[in-house]
Amino acid sequence: VVVAGGAPRAAASVAAVAGAAVVGAAGVAGGAAGVGADVGHTAAFRRRRVLNWVPLGLTYAFLYMGRYNLVALMSQKALTGKQFGDIDAIGSVVYGLAFLLNGPLADRFGRRPILLGGLTIYLAGTLICAAAPSLEILIAGRLVQAIGACGCSVVGRAIVRDRFERADAARVMGMVG
């Protein structure tokens with residue numbers, strides 16, 4: 001089996017990962033197929049993988065946690081349905097418009113600065129929302145969150161497009177979301 005880089009490692013990698021999952025589930029430590037088994041990836045590759053995917057995953061997690069907190073506010077009657085709709089609509093419109101800005105920025109300055117900048121902006125928006133004393137400040141925080149989350153989404157899609165051929169890219173985007 002040949003993977004994107006042309007290295008015939010896919011079968012061995014899948015077997016090692018599957019073995020690690022089985023051994024890990026059984027509670028057995030160590031061994032050639034144990035947790036931390038060498039599947040042929042360099043330390044630099046593993047480091048890049050973490051630096052690329054962890055910020056994106058955290059951004060999506062915070063995005064959904066924020067949305068669920070708004071739903072919780074509605075169930076406690078602290079937020080009306082109209083207010084929730086306004087917050088969600090404004091955030092969605094800004095998120096969509098930010099795609100027009102973040103795509104060209106990622107092409108011009110590179111993926112990493114936009115990804116990390118988006119995550120930083122999103123975190124700032126989350127802190128604004130957490131400390132919001134009024135609905136207006138909450139909406140402002142959601143606007144900041146939308147801009148930051150969009151930067152991460154755009155870069156995630158661009159990385160997939162850069163790294164994979166068309167058929168593989170569709171498969172990976174199906175997993176990424």
Side-chain angles (χ1 to χ4, degrees), residues 2-10 13-14 17 36 38-70 84-177:
V2 178
V3 293
R9 292 190 197 140
S13 296
V14 170
V17 170
D38 182 16
V39 294
H41 297 303
T42 65
F45 174 83
R46 290 190 302 270
R47 183 173 178 275
R48 278 193 318 271
R49 177 179 282 172
V50 168
L51 291 176
N52 285 334
W53 290 106
V54 168
L56 186 61
L58 288 174
T59 300
Y60 279 116
F62 292 141
L63 179 68
Y64 288 111
M65 286 188 323
R67 183 172 173 86
Y68 293 139
N69 286 338
L70 290 176
F84 175 81
D86 291 344
I87 293 168
D88 196 46
I90 291 169
S92 296
V93 168
V94 170
Y95 180 85
L97 292 174
F99 265 85
L100 300 173
L101 177 66
N102 284 309
L105 287 175
D107 290 338
R108 171 99 166 108
F109 297 109
R111 310 302 189 219
R112 183 180 167 95
I114 303 304
L115 179 67
L116 295 176
L119 184 60
T120 302
I121 292 168
Y122 186 82
L123 180 60
T126 300
L127 294 174
I128 292 169
C129 289
S134 67
L135 181 62
E136 292 77 19
I137 302 298
L138 180 65
I139 290 173
R142 288 292 288 171
L143 293 176
V144 174
Q145 281 184 322
I147 293 168
C150 178
C152 294
S153 294
V154 166
V155 172
R157 286 174 171 82
I159 290 170
V160 170
R161 188 188 68 227
D162 293 345
R163 304 282 298 173
F164 296 95
E165 296 296 324
R166 184 178 174 100
D168 289 333
R171 180 182 50 78
V172 171
M173 282 306 300
M175 289 187 291
V176 172

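Shortest non-hydrogen contact noted between Gly91 and Ala146 is O-CB, 3.3 Å. Across all non-hydrogen atoms, the minimal contact from Cys150 to Ala98 is SG-C, 3.4 Å. When all heavy atoms are compared, the tightest approach of Ala124 to Val144 is C-CG1, 4.4 Å. Minimum heavy-atom separation, Leu119 to Cys152: N-SG, 3.6 Å. Residues Phe99 and Ser153 come closest through the heavy atom pair CZ-CB, 4.1 Å.
Between Ile159 atom CD1 and Arg112 atom CZ the span is 10.5 Å, to the nearest 0.5 Å. Atoms CD1 and CD, on Ile121 and Gln145 in that order, are 12.0 Å from each other to the nearest 0.5 Å. The CG atom of Leu115 sits 10.5 Å away from atom CG of Asn102, with the distance rounded to the nearest 0.5 Å. Atom-to-atom distance recorded for Asp168:CG and Arg166:CZ is 12.5 Å, nearest 0.5 angstrom.
Arg111 pairs by the salt bridge (Lys or Arg N to Asp or Glu O under 4.0 Å) definition with Asp107, Asp162, not counting sequence neighbours. Taking Ala44 as the reference, Thr42, Arg48 meet the side-chain contact (heavy atoms from CB on, under 4.5 Å) condition, with sequence neighbours excluded. Under the rule for a ring pair (Phe, Tyr, Trp, His ring centres under 6.0 Å), Phe109 has no partner lying at least two apart in sequence or in another chain.
Counting heavy atoms from C-beta outward, Ile90 and Ile139 have side chains that approach closer than 4.5 Å.
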Distance-only check: which donor-acceptor pairs under 3.5 Å involve side-chain atoms of residues 128-138, not counting sequence neighbours?
residue	atom	partner	partner atom	Å
Ser134	OG	Glu136	OE1	3.4
Ser134	OG	Ile137	N	3.4

